[in-house]
Amino acid sequence: EADIYQTPRYLVIGTGKKITLECSQTMGHDKMYWYQQDPGMELHLIHYSYGVNSTEKGDLSSESTVSRIRTEHFPLTLESARPSHTSQYLCASIRGGGAGEQFFGPGTRLTVL
Amino acid sequence: AQSVTQPDIHITVSEGASLELRCNYSYGATPYLFWYVQSPGQGLQLLLKYFSGDTLVQGIKGFEAEFKRSQSSFNLRKPSVHWSDAAEYFCAVGAGTSGTYKYIFGTGTRLKVLA
């Protein structure tokens, strides 16, 4: 069973609020990813990290930011939430060294009013 | 550019019937290929993967997939569908090198199972 956690699972928040979506994994994986998924759509990569102090923007432009201070923790922050940020956010990780199975967290469904 | 196409957005089958979900990819080198399943409100779970070797791969829950390089396809199959298989299925390609590895996902196929 994959040990990757996301909190909160659901979040409803007003426009302009700052929010942080948490993602933690206990598998010691080096590579971690954030995806944005709208209903009926594919997953879009918005951020990824190959290790501590390494972060990169993904293929889909996002106003969010991430940090990787510890191997197990990869939080995503929105400084000022807007209705266009309403979506599901999925966190994933894989072991270092190249191709492998991505382990996914259960996701955070964000609604911005 | 790399891409993954799942031509069927929705598929409906009767319980006990066979199933095939299509996946076509575009990638310049030998791809790493994956099928994931997503139940409502959940993350994605790996069904199976292909890296090299035997082109017919077996996965969990009775699923299998066949890699056909000439057709750039990696179709998912199951001989007899169960009601619990109703979910969304995503095909994905792993692209890049060990240092810069990313995944590209298809748009998904939603499977409905009739009792």
Side-chain angles (χ1 to χ4, degrees), chain A residues 1-11 21 23-25 29-51 54-60 87-111, chain B residues 1-11 23-25 27 29-53 57 59-60 67 87-112:
Chain A
E1 180 121 358
D3 295 324
I4 182 163
Y5 308 99
Q6 290 185 245
T7 57
R9 291 291 314 277
Y10 303 92
L11 179 62
L21 308 185
C23 176
S24 295
Q25 49 95 7
H29 290 172
D30 293 321
K31 294 183 173 65
M32 296 188 73
Y33 303 78
W34 274 104
Y35 294 91
Q36 185 173 337
Q37 182 187 28
D38 294 316
M41 302 293 288
E42 69 266 45
L43 281 69
H44 291 288
L45 180 66
I46 52 175
H47 297 283
Y48 58 100
S49 167
Y50 291 145
S54 155
T55 61
E56 300 286 345
K57 288 190 178 294
D59 302 320
L60 181 69
S87 188
Q88 171 150 272
Y89 294 84
L90 292 168
C91 181
S93 71
I94 64 171
R95 284 186 294 271
E101 173 189 355
Q102 279 196 318
F103 292 90
F104 282 84
T108 294
R109 183 163 296 281
L110 172 66
T111 302
Chain B
Q2 302 97 350
S3 65
V4 176
T5 301
Q6 292 181 248
D8 303 306
I9 298 173
H10 299 278
I11 282 187
C23 173
N24 293 95
Y25 66 89
Y27 185 59
T30 300
Y32 297 130
L33 296 161
F34 307 84
W35 273 100
Y36 287 85
V37 61
Q38 185 180 33
S39 298
Q42 300 296 318
L44 276 68
Q45 180 186 20
L46 182 72
L47 285 175
L48 46 79
K49 60 190 177 189
Y50 171 79
F51 288 177
S52 63
V57 294
I60 61 171
F67 170 57
E88 185 120 26
Y89 292 79
F90 291 92
C91 181
V93 167
T97 65
S98 60
T100 57
Y101 205 77
K102 292 192 286 185
Y103 293 74
I104 299 142
F105 286 83
T107 52
T109 297
R110 183 168 297 277
L111 174 65
K112 182 177 179 180

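Any value given below was found using the heavy atoms of this structure, including those in side chains, with hydrogens, waters and symmetry copies removed. What you see is a predicted model; the values in this text were computed from it and never measured. Below, chain A is the first sequence line, B the second, and so on; all start at residue 1.
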Heavy-atom closest contact (Gln88(A) atom, Gln42(B) atom, distance):
NE2-O, 4.2 Å
Region of Gln6(B) in contact with chain A, defined by heavy-atom distances below 4.5 Å
neither
Distance col, row Tyr103(B):OH vs Ile94(A):CD1, nearest 0.5 angstrom, shows 3.5 Å
What distance do Gln102(A) atom CD and Phe34(B) atom CZ have between them, rounded to the nearest 0.5 Å?
7.5 Å
More than 12 heavy atoms of other residues, nucleotides or ligands under 6.0 Å from NZ of Lys57(A): yes or no?
yes
Drop me the distance from Glu101(A)'s CD to Leu48(B)'s CG, to the nearest 0.5 angstrom.
10.5 Å
What closest approach, in Å, do Phe90(B) and Glu42(A) show between heavy atoms, and which atom pair accounts for it?
CE2-CA, 4.2 Å
Assess whether atom CD1 of Ile60(B) is packed by more than 12 heavy atoms of other residues, nucleotides or ligands within 6.0 Å.
yes
Given the options Gly43(B), Gly108(B), Gly106(B), which has more heavy-atom pairs under 4.5 Å with chain A than any of the others?
Gly43(B)
Proximity breakdown for Glu56(A) and chain B, heavy-atom pairs closer than 4.5 Å:
neither
For the atom pair CD (Gln38(B)) and CG (Leu43(A)), what is the distance rounded to the nearest 0.5 Å?
7.0 Å
